[in-house]
Amino acid sequence: MEFTVINSDVGRFSRDDDHHNDSDASSTRKFEDVGCLDLSCSNILHIANLCLISSTNLTSLKLPVNRIDKICNLDAYTNLVELDLSHNHIKQIENLQTLYLRKFTNLISLIVEGNPCQTEPIYSERTFILSIVQSLLVYNNKTVTVEERKEALDTHSQLVAMLEKNDKKWKRMSVDEQLRLERLAGRKNAFLDGIPEGEDVDFNVNVFRNPTVEQVLMENSRYGIHNVYRGYADNFRRLITEITEAAETSRGIRARLVDEFHCDLRQLIDGGVDESRKCVSEFAEHKKRVKCELSAGTGDGVSPSTNADVACGRFGERMRVTWLTLMGHEDQLSRKITKMIGELRDVLEKQIVEFKQLVNNRFCMLQRQQNIFLQFILEYAVSSVQSDDINNRISRVSQFTNDISQCMESQASQVERAELYITKSASKWLDDVFDKLNSEEFQRNRRKISEIASFIRYQNETLKRTQS
């Protein structure tokens, strides 16, 4: 059989176990879970489906004596301990240049001999590889000695130092990126996705790029106009900061309330489970006594069938009482949980409403301050128009007015979108939380009732067998 790509069939035939008769789905699943994959001498032309293999589990990949001319898609397999690419037609190793091999920090054995991609002289290549991949113990089927490794590190000391410096740099960048993603996640949970932060706090920066505003600021730098501008910008940042702090505070309060709810809910459910277990244990003890009575008999001259009927009658009554008790426990527990969910919703709704009111108030203040600043700029620009030509004066005043009016409209739209995003996000979060809670309670209730029904059904069948 000739293979041209790696697929589930290749993986199945590469195994040495006795499961070749499994279904295709089962074989594929096993293929995804393999830790060692040996595809030696399989006439493989190229690798197209390495993604089928679990990147976490795969530690050994052997592809010697094939017809592969290019290796690619190895980026995800940094857990590899053993990699054998020997005796192929590999002229280039895409995404596997020697410097890239540093990612394979667990790699102990690497075999690439017998490929056109090897460099000459071989000794120089070996020294270079050992300095790059310092975890290697075997390279091209030859053990790496301590002296060899020391010589390699000494020979390429400057390169190694540069690479280690770059590794630290990338590690810091990775940590910074992780912190950035965490911060973004935190802002999303606080409904701040649409609100700027840091240096980008002036999200309506078009105000300061407005031709009329820029002209007034440029032409009147000595007349206190910039002080007005700075005061406006400071007030803008202050209001945005208040909105941000309110959102973060709201997130903290909401998280605490939800955590406390889940803790109380867990205790409540555990208490209900213990109560039900106690009821079932008492029923089990009663069942044992009934069985003992049936086995021992009464010895009072009453027929065994009569005694059995009486015992089974009492057992059936006790089973009915147990059923009612268990259902009563579940009904009571469900009502308590529903009440807890309702109380939590009331508290969170109140908190969200207060947060929305604060956001609305700050955005209204922001809009008023923006309009005041732009009105001031417009009045100053109009009053400073100097021209003997009345038509020219009217034209410039009209231009200023249109320019500032468009800016006001743009500002109002941006502020409205930001406020709407916050309020909609808050409402959606509230709905999502309680949709999930109600769904979970509904599923728990159905599961519990099903368990009770199964238990009683089993006991009823036991009773019938006893009667027969």
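We number each residue from 1, following the sequence as shown.
For Asn106 (side chain) and Val81 (main-chain N/O), no donor-acceptor pair under 3.5 Å exists by modelled atom type. In this structure a side-chain-to-backbone donor-acceptor pair under 3.5 Å is missing from Arg254 to Leu430. Without hydrogens or angle criteria, Arg149 side chain to Val144 main chain gives no donor-acceptor distance under 3.5 Å. Between the side chain of Arg362 and the backbone N or O of Ile243 there is no donor-acceptor pair closer than 3.5 Å. Judged by distance alone, the side chain of Ser334 and the main-chain N or O of Asp331 form no donor-acceptor pair under 3.5 Å. At distances below 3.5 Å, not a single donor-acceptor pair connects side-chain atoms of Ser439 with backbone N or O atoms of Asp435. A donor-acceptor pair under 3.5 Å is absent between the side-chain atoms of Arg102 and the main chain of Val133, judged by distance alone. Remark: the backbone N or O of Ile240 is paired with a side-chain donor or acceptor of Thr244 at under 3.5 angstrom.
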Checking side chain to side chain contact (heavy atoms under 4.5 Å, CB included) for the pair Thr241/Glu245: CA distance, chi angles, key distance, verdict? CA-CA 6 Å; Thr241 300; Glu245 290 177 350; 3.6 Å; yes

What verdict does the side chain to side chain contact (heavy atoms under 4.5 Å, CB included) test give for Ile68 and Leu45, after you've listed the backbone C-alpha separation in whole Å, the side-chain angles of each residue and the deciding distance to 0.1 Å? CA-CA 5 Å; Ile68 302 169; Leu45 295 175; over 6 Å; no

Stepwise salt bridge (charged side-chain N to carboxylate O under 4.0 Å, His left out) check, Glu147 with Lys150: CA-CA 5 Å; Glu147 293 77 12; Lys150 184 178 184 301; over 6 Å; no

As a quick check of understanding, evaluate side chain to side chain contact (heavy atoms under 4.5 Å, CB included) for Thr155 and Leu153, giving each step before the final call. CA-CA 5 Å; Thr155 303; Leu153 293 176; over 6 Å; no

Working note: Asp403 + Asn210, criterion side chain to side chain donor-acceptor pair (under 3.5 Å); need CA distance, chi angles, decisive distance, verdict. CA-CA 8 Å; Asp403 192 23; Asn210 178 278; 3.1 Å; yes

What do the steps show when you test Asn438 against Ile341 for side chain to side chain contact (heavy atoms under 4.5 Å, CB included), and what is the final call? CA-CA 8 Å; Asn438 288 324; Ile341 292 175; 3.6 Å; yes

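The aromatic rings of Tyr229 and Phe373 are tilted relative to each other, their planes meeting at an angle between 30° and 60°.
For the salt bridge (Lys or Arg N to Asp or Glu O under 4.0 Å) condition, the pairs that include at least one residue of residues 408-428, sequence neighbours left out, are Lys428-Asp432.
One finds the CD atom of Gln370 at 11.0 Å from the CG atom of Asn235 (value rounded to the nearest 0.5 Å). Separating the CD atom in Gln369 from the CZ atom in Phe236 is a distance of 10.0 Å, to the nearest 0.5 Å. If you take CG on Leu130 and OG1 on Thr145, they are separated by 8.5 Å, rounding to the nearest 0.5 Å. Put simply, CD on Gln411 and CG on Leu366 are 8.0 Å apart, with the number rounded to the nearest 0.5 Å. Separation of atoms CG (Leu61) and CG (Asp84) is listed at 8.5 Å; rounding is to 0.5 Å. Expressed to the nearest 0.5 Å, how far OG of Ser86 lies from CG of Asn140 amounts to 8.0 Å.
At a threshold of 4.5 Å between non-hydrogen side-chain atoms, the residues His89 and Asn66 do not count as touching. Contact check for Ile132 versus Leu163: side-chain heavy atoms found under the 4.5 Å cut-off. Taking 4.5 Å as the limit, every side-chain heavy atom of Leu83 sits out of range of all side-chain heavy atoms of Phe104. Between Met162 and Lys165 the shortest side-chain heavy-atom distance does not fall below 4.5 Å. Leu58 has its side chain within reach of Leu80: a pair of non-hydrogen atoms, C-beta onward, lies under 4.5 Å apart. Counting only heavy atoms from C-beta outward, the side chains of His329 and Ser276 approach each other to under 4.5 Å. Between Asn115 and Asn88 the shortest side-chain heavy-atom distance falls below 4.5 Å. Side-chain contact between Leu268 and Asp264 is absent, with no heavy atoms from C-beta onward closer than 4.5 Å.
Atom CD of Glu177 sits in a crowded spot, with more than 12 heavy atoms from other residues, nucleotides or ligands closer than 6.0 Å. Other residues, nucleotides and ligands contribute more than 12 heavy atoms inside 6.0 Å of the NZ atom of Lys287.
Of the N and O atoms on the side chains of Thr127 and Glu151, not one donor lies less than 3.5 Å from an acceptor on the other residue. Side chains of Ser450 and Arg446: a donor-acceptor N/O pair is absent below 3.5 angstrom, by distance only. Between Ser425 and Lys188, the side chains place no donor N or O within less than 3.5 Å of an acceptor N or O (distance only, hydrogens not considered). Counted by atom type alone, Arg457 and Asn460 present zero donor-acceptor pairs between their side chains at under 3.5 Å. Side-chain contact, Ser410 with Gln414: a donor N or O sits under 3.5 Å from an acceptor N or O. A donor atom on one side chain and an acceptor atom on the other are not found under 3.5 Å apart for Thr59 and Asn79.
Checking each of Arg335, Arg447, Arg444 against Glu330 for a salt bridge (Lys or Arg N to Asp or Glu O under 4.0 Å) leaves exactly one that passes, namely Arg444.
Scanning both residues, Leu344 and Leu437, for their nearest heavy atoms gives CD2-CD1, 4.1 Å. The two residues Ile422 and Phe191 make their nearest non-hydrogen contact at CG1-O, 3.3 Å. Scanning all heavy atoms of the two residues, the minimum distance from Leu333 to Gly272 falls at CD2-CA, 4.5 Å. Contact record, Ala247 with Ala190: CB-O, 3.2 Å, taken as the closest heavy-atom pair. Considering all non-hydrogen atoms of both residues, Thr143 and Glu148 come closest at O-OE1, 3.7 Å. In terms of heavy atoms, Thr322 sits closest to Cys279 at CG2-SG, 4.0 Å.
Applying the side chain to side chain contact (heavy atoms under 4.5 Å, CB included) rule to Glu260 yields the partners Arg256, Leu257; only residues at least two apart in sequence or on another chain are considered. For His156, the ring pair (Phe, Tyr, Trp, His ring centres under 6.0 Å) partners at least two apart in sequence or on another chain are Phe128.
Salt bridge status for Arg345 with Asp431: present, with a side-chain N to carboxylate O gap under 4.0 Å. The residues Arg230 and Asp234 are annotated as not salt-bridged, no charged nitrogen and carboxylate oxygen being separated by less than 4.0 angstrom. With salt bridges taken as basic N to acidic carboxylate O contacts below 4.0 Å, none links Glu275 and Lys278. Using a 4.0 Å cut-off between charged side-chain N and carboxylate O, Lys448 and Glu441 make no salt bridge. A salt bridge links Arg238 with Glu242: the closest approach of a Lys/Arg side-chain nitrogen to an acidic carboxylate oxygen falls below 4.0 angstrom.
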